[in-house]
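All of these numbers come straight from a predicted model, not from anything done at the bench.
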Protein chains: 2
Amino acid sequence: MKPEQILIQHDLRKTQGRIMVLQEFSKHDKALAHNELQHALAGKVDRVTLYRILDQFEKKGVLHKIPDDEVSVKYALCAHNHEIDHQHSDDHAHFKCNDCSETFCIDDFTIPNMKIPEGFKVTEKFLLLGGVCKKCA
Amino acid sequence: MKPEQILIQHDLRKTQGRIMVLQEFSKHDKALAHNELQHALAGKVDRVTLYRILDQFEKKGVLHKIPDDEVSVKYALCAHNHEIDHQHSDDHAHFKCNDCSETFCIDDFTIPNMKIPEGFKVTEKFLLLGGVCKKCA
DNA sequence: TCATTTACGCAACAAAGTTGCATAAATATT
DNA sequence: AATATTTATGCAACTTTGTTGCGTAAATGA
Ligand SMILES: [Mn+2]
Ligand SMILES: [Mn+2]
Ligand SMILES: [Zn+2]
Ligand SMILES: [Zn+2]
């Protein structure tokens with residue numbers, strides 16, 4: 001979907017910074033951390049603004065956070081196939097390559113339901129797989 | 001297991017700092033982040049030393065990292081029941097409470113095997129569950 | 001075009017994490 | 001037990017990551 005459409009759909013003002021961030025995501029098809037975006041948009045979008053854009057995007061459901069075992073969280077576009085799969089729930093898995101450190105959404109793999117020990121009420125599931133990606137194989 | 005035994009078993013020198021860190025873990029039974037340990041051991045162990053202790057412990061298999069969706073990773077003792085379950089693999093799940101932000105190992109729940117899309121060679125699995133813990137229920 | 005609302009950029013700060021190096025402490029050797 | 005060797009610690013200095021306040025600019029609505 002086009003950046004401008006995404007913004008309208010999520011009730012967000014159409015600003016240059018936001019559009020550029022969305023373009024960056026759409027051209028990579030992998031999860032991006034703040035510092036990667038900052039680098040890509042150096043001189044175009046301020047560092048602090050970038051933090052605020054990411055926060056807003058997450059709050060509005062444009063992006064989702066992916067927990068990371070290294071320096072900082074990453075973000076990926078929510079529901080790539082939003083037109084088709086309208087009731088997209090974000091309980092899909094993520095894969096992180098130990099070689100190149102890139103993280104991908106595995107959209108077509110839903111985390112199975114599991115019986116969890118007593119006393120815990122589970123509302124979210126994050127499955128992060130580690131290994132070697134196609135490129136690095 | 002006693003701190004000193006753990007250190008010997010993992011081929012680590014028996015130092016005051018390391019012992020205190022292990023004591024801290026054994027008295028809490030939850031995952032701890034660097035800043036929590038730093039606070040608990042203020043004046044006892046230097047901040048930088050603490051980073052190095054955690055790194056060493058992870059490398060030697062005393063602790064394991066738990067990815068987090070917030071500010072920094074957490075650590076938990078590996079294989080609580082190492083004496084019994086000797087071939088402990090760290091593919092157990094973790095639970096993080098959205099109320100108190102505490103993270104626990106769910107040692108008795110092993111992540112099931114799953115068929116992953118082509119091209120990815122999976123060697124590690126991190127399942128982070130979110131929700132409400134017993135105390136906060 | 002003008003008013004209003006919201007986002008942006010900048011400065012200043014706080015928190016998290018790293019590196020180098022001299023000294024202290026732990027282990028190994030005699 | 002004393003000494004040599006190895007390894008860990010503490011401190012300073014620095015980088016990176018994330019936050020807050022505020023005046024200005026840009027986006028939207030009238
Ligand atoms: Mn995803
Ligand atoms: Mn664990
Ligand atoms: Zn790779
Ligand atoms: Zn709780």
Determine the interplanar angle of the A/Phe95 and A/Phe104 rings, folded into 0 to 90°, and report it as parallel if under 30°, tilted if 30 to 60°, perpendicular if over 60°.
-> parallel

Take the protein atom CD of A/Glu58 and the nucleotide atom C1' of D/dG18, then report the distance between them rounded to whole Å.
-> 15 Å

Indicate yes or no for a side-chain donor-acceptor contact from B/Gln56 to the backbone of B/Ile53 under 3.5 Å, with no hydrogens or angles considered.
-> no

Atom-to-atom span, CZ of B/Phe57 to C1' of D/dA8 - whole angstrom = 12 Å

Whole-Å distance separating the CG atom of A/Leu37 from the P atom of C/dC8 | 14 Å

Does A/Asn35 have a side-chain nitrogen or oxygen under 4.0 Å from the phosphate oxygens OP1 or OP2 of D/dT16?
-> no

With a 3.5 Å cut-off and no angle check, do the side chains of A/His34 and A/His39 form a donor-acceptor pair?
-> no

Does A/Thr15 have a side-chain nitrogen or oxygen under 4.0 Å from the phosphate oxygens OP1 or OP2 of C/dC8?
-> yes

d(CD, A/Gln38; P, D/dT19) in whole Å = 14 Å

Assign each of B/Arg13 and B/Val71 to its nearest nucleotide of DNA chain C by heavy atoms, then name whichever residue's nucleotide is nearer the 5' end.
-> B/Val71

Could you tell me whether B/Lys121 atom NZ has more than 12 heavy atoms of other residues or ligands within 6.0 Å of it?
-> no

Using atom NE2 of A/His39 as one end and atom P of D/dT15 as the other, report the distance to the nearest whole Å.
-> 16 Å

Whole-Å distance separating the CG atom of A/Asp11 from the C1' atom of C/dT5 | 13 Å

In terms of heavy-atom contacts, A/Ala76 and A/Phe25 come closest through CA-CE2, 4.0 Å

B/Asp68 CG - C/dG17 P separation (whole Å) = 11 Å

Looking at B/Lys74, B/Lys135, B/Lys96, which hits side-chain hydrogen bond (donor to acceptor under 3.5 Å, both in side chains) with B/Glu102?
-> B/Lys135

Hey, can you pull the residues of residues 43-56 of chain B with a non-hydrogen atom under 4.0 angstrom from DNA chain C?
-> B/Arg47, B/Val48, B/Tyr51, B/Arg52

Interatomic distance, A/Glu36 CD vs D/dT16 P [rounded to whole Å] | 15 Å

Kindly say whether A/Asp55 contributes a backbone atom to a donor-acceptor pair with the side chain of A/Glu58 at under 3.5 angstrom?
-> no

Out of C/dG17, D/dA8, D/dT28, which has the shortest distance to the side chain of A/Lys14?
-> D/dT28

